[in-house]
A.B. asks: 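Sending over a structure as structure tokens; questions will come in a sec.
Computed from a predicted structure; not experimentally measured. Proteins get letters first, then strands, A, B, ... in listed order; numbering begins at 1 in each.
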Protein chains: 2
Amino acid sequence: MSTTNPANSAEPISKTRLRLWLKLLKASGEVEAELRRRLRVEFDTTLPRFDVMAALDRAPEGLRMSEISERLRVSNGNVTGIVERLVEEGLALRVAVPDDRRATCARLTPKGRELFAVLARAHEGWINDLLGGVSGDDLAALSGQIDRLMRHMGKE
Amino acid sequence: MSTTNPANSAEPISKTRLRLWLKLLKASGEVEAELRRRLRVEFDTTLPRFDVMAALDRAPEGLRMSEISERLRVSNGNVTGIVERLVEEGLALRVAVPDDRRATCARLTPKGRELFAVLARAHEGWINDLLGGVSGDDLAALSGQIDRLMRHMGKE
DNA sequence: GAAATAAAATTGAAGCCTAAAATATTTAAG
DNA sequence: CTTAAATATTTTAGGCTTCAATTTTATTTC
């Protein structure tokens, strides 16, 4: 039965895939937009800043700029700017790397660490709200299907 | 059984929801990034331009700027710039609205319409590649779960 | 009809994002 | 040792995005 096309037997499966993709895109876009909005109005910050802080929070000794951009899958030049603004706000600082004068490490300040703890708690709560009605069974099923999708895409 | 938590019975369901969200975000981000990349290298264009062209293609008589921004759910000022660039490239043009001199309509030029036909065909093919391994059954299941998710979020 | 209000669109400021070029430093080849 | 290649990062140019302010035109109210 894996070749059936329940949505509409007259329609090519490529159209069904396209529609699924548009739906998936819309769903994740809605959640993301809501997160951005709440970060902005409740904490006057942004999702990219939050993401960088999350990465730094997991590495108490700090991360090189290129490690941040790898983990977040954004460009190097992008990270430069975001860290710059975090530093201006007193949430992060740059540390020289002893053995390699080309590199710089970014790490959270105590203030940054405190703020991130608050943000992370709020963030988890928001997600829980937004996905709130989804049961454990549905979560598992959805998760498994996304895994399969990613495997088919050759990503992990 | 809709209250079980198959991922890890010791973990609060909010963590499971958070992980699902991060996974969903990653999946849609990967697909989107790949689409952007292909639009850029194969057609020297961008996803926002594609999205605006798609909206205009469905409205042969053209759309007001604010109609575009509503349909695409982006800001008014954003649309101004994207349409501006489409006009510069000869893909769209601005038309005055007879009864309301505040408004302007944007519509595709014949060149824009031709290009969009090519882009749309390529786009559908890319999605079909990227989601290629997903069977019809899985598509339907995933689609239904996203519907439920959206309903719980109060969006449609 | 004049003044206030509302609506359509643009502009401006700020941030995010990328690819490509430039800088600085390190490592490898000879 | 000197030069060439590689690496880490920043800078630059251009586009996307939002919100808030502004401009222009319509509508409402008196």
A.B. asks: Donor-acceptor pair, distance only, cut-off 3.5 Å: does the side chain of A/Lys23 make one with the backbone of B/Leu142?
C.D. replies: no
A.B. asks: In Å, rounded to the nearest 0.5 Å, how long is the span from CD of A/Gln145 to CG of B/Asp137?
C.D. replies: 10.0 Å
A.B. asks: Does any pair with a residue in residues 69-121 of chain A pass ring-ring contact (aromatic ring centres under 6.0 Å, His included), and if so which ones, sequence neighbours excluded?
C.D. replies: A/Phe50-A/Phe116
A.B. asks: Nearest whole angstrom, please: distance from the P of D/dT17 to the CG of B/Leu72.
C.D. replies: 9 Å
A.B. asks: Which residues pass the salt bridge (Lys or Arg N to Asp or Glu O under 4.0 Å) test with B/Arg40, sequence neighbours left out?
C.D. replies: none
A.B. asks: Check whether any side-chain N or O of A/Ser28 sits under 3.5 Å from a backbone N or O of B/Leu24 as a donor-acceptor pair, and report yes or no.
C.D. replies: no
A.B. asks: Quick one: is D/dA8 close enough that its OP1 or OP2 comes under 4.0 Å of any side-chain N or O from A/Ser66?
C.D. replies: no
A.B. asks: Atom CZ in B/Arg19, atom CG in A/Leu131: separation rounded to 0.5 Å?
C.D. replies: 13.0 Å
A.B. asks: Would you compute the distance between atom CG of A/Leu149 and atom CG of A/Leu20 and round it to the nearest 0.5 angstrom?
C.D. replies: 7.5 Å
A.B. asks: For A/Val97, which fellow cluster members are found when Ile, Leu, Val, Met, Phe, Trp and Tyr are connected by side-chain heavy-atom distances below 4.5 angstrom, either directly or through intermediates?
C.D. replies: none
A.B. asks: What is the distance from atom CD of A/Glu124 to atom CG of B/Leu18, rounded to the nearest 0.5 Å?
C.D. replies: 5.5 Å
A.B. asks: Estimate the overall bend of the helix from C/dG1-D/dC30 to C/dG30-D/dC1 from the end axes over five pairs each, rounded to 10 degrees.
C.D. replies: 0°
A.B. asks: Separation of B/Glu67 atom CD from C/dA9 atom C1', in whole Å?
C.D. replies: 13 Å
A.B. asks: Is a donor-acceptor contact shorter than 3.5 angstrom present between the side chain of B/Arg102 and the base of C/dA9?
C.D. replies: no
A.B. asks: Would you kindly give the CG-to-C1' distance between B/Leu63 and C/dA8, to the nearest whole Å?
C.D. replies: 15 Å
A.B. asks: Once you apply a heavy-atom cut-off of 4.0 Å, does B/Arg36 come out as touching a base, just sugar-phosphate, or nothing?
C.D. replies: nothing
A.B. asks: Rounded to whole angstroms, how far apart are CD on A/Glu32 and P on D/dT17?
C.D. replies: 12 Å
A.B. asks: Just verifying a value: how many Å separate B/Leu91 CG and B/Met53 CE, rounded to the nearest 0.5 Å?
C.D. replies: 4.5 Å
A.B. asks: Among C/dT25, D/dA26, D/dA8, which nucleotide sits nearest the side chain of B/Arg101?
C.D. replies: D/dA26
A.B. asks: Starting at CE of B/Met65 and ending at C1' of C/dT10, how long is that distance when rounded to a whole Å?
C.D. replies: 9 Å
A.B. asks: Which parts of residues 40-57 of chain B get close to DNA chain C, meaning a heavy atom less than 4.0 angstrom away?
C.D. replies: B/Arg40
A.B. asks: Less than 4.0 angstrom from a charged side-chain N to a carboxylate O is my criterion; do A/Arg36 and A/Glu32 meet it?
C.D. replies: yes
A.B. asks: Mind listing the residues from residues 74-100 of chain B sitting with a heavy atom below 4.0 Å of DNA chain C? Number order is fine.
C.D. replies: B/Asn76, B/Gly77, B/Thr80, B/Arg94
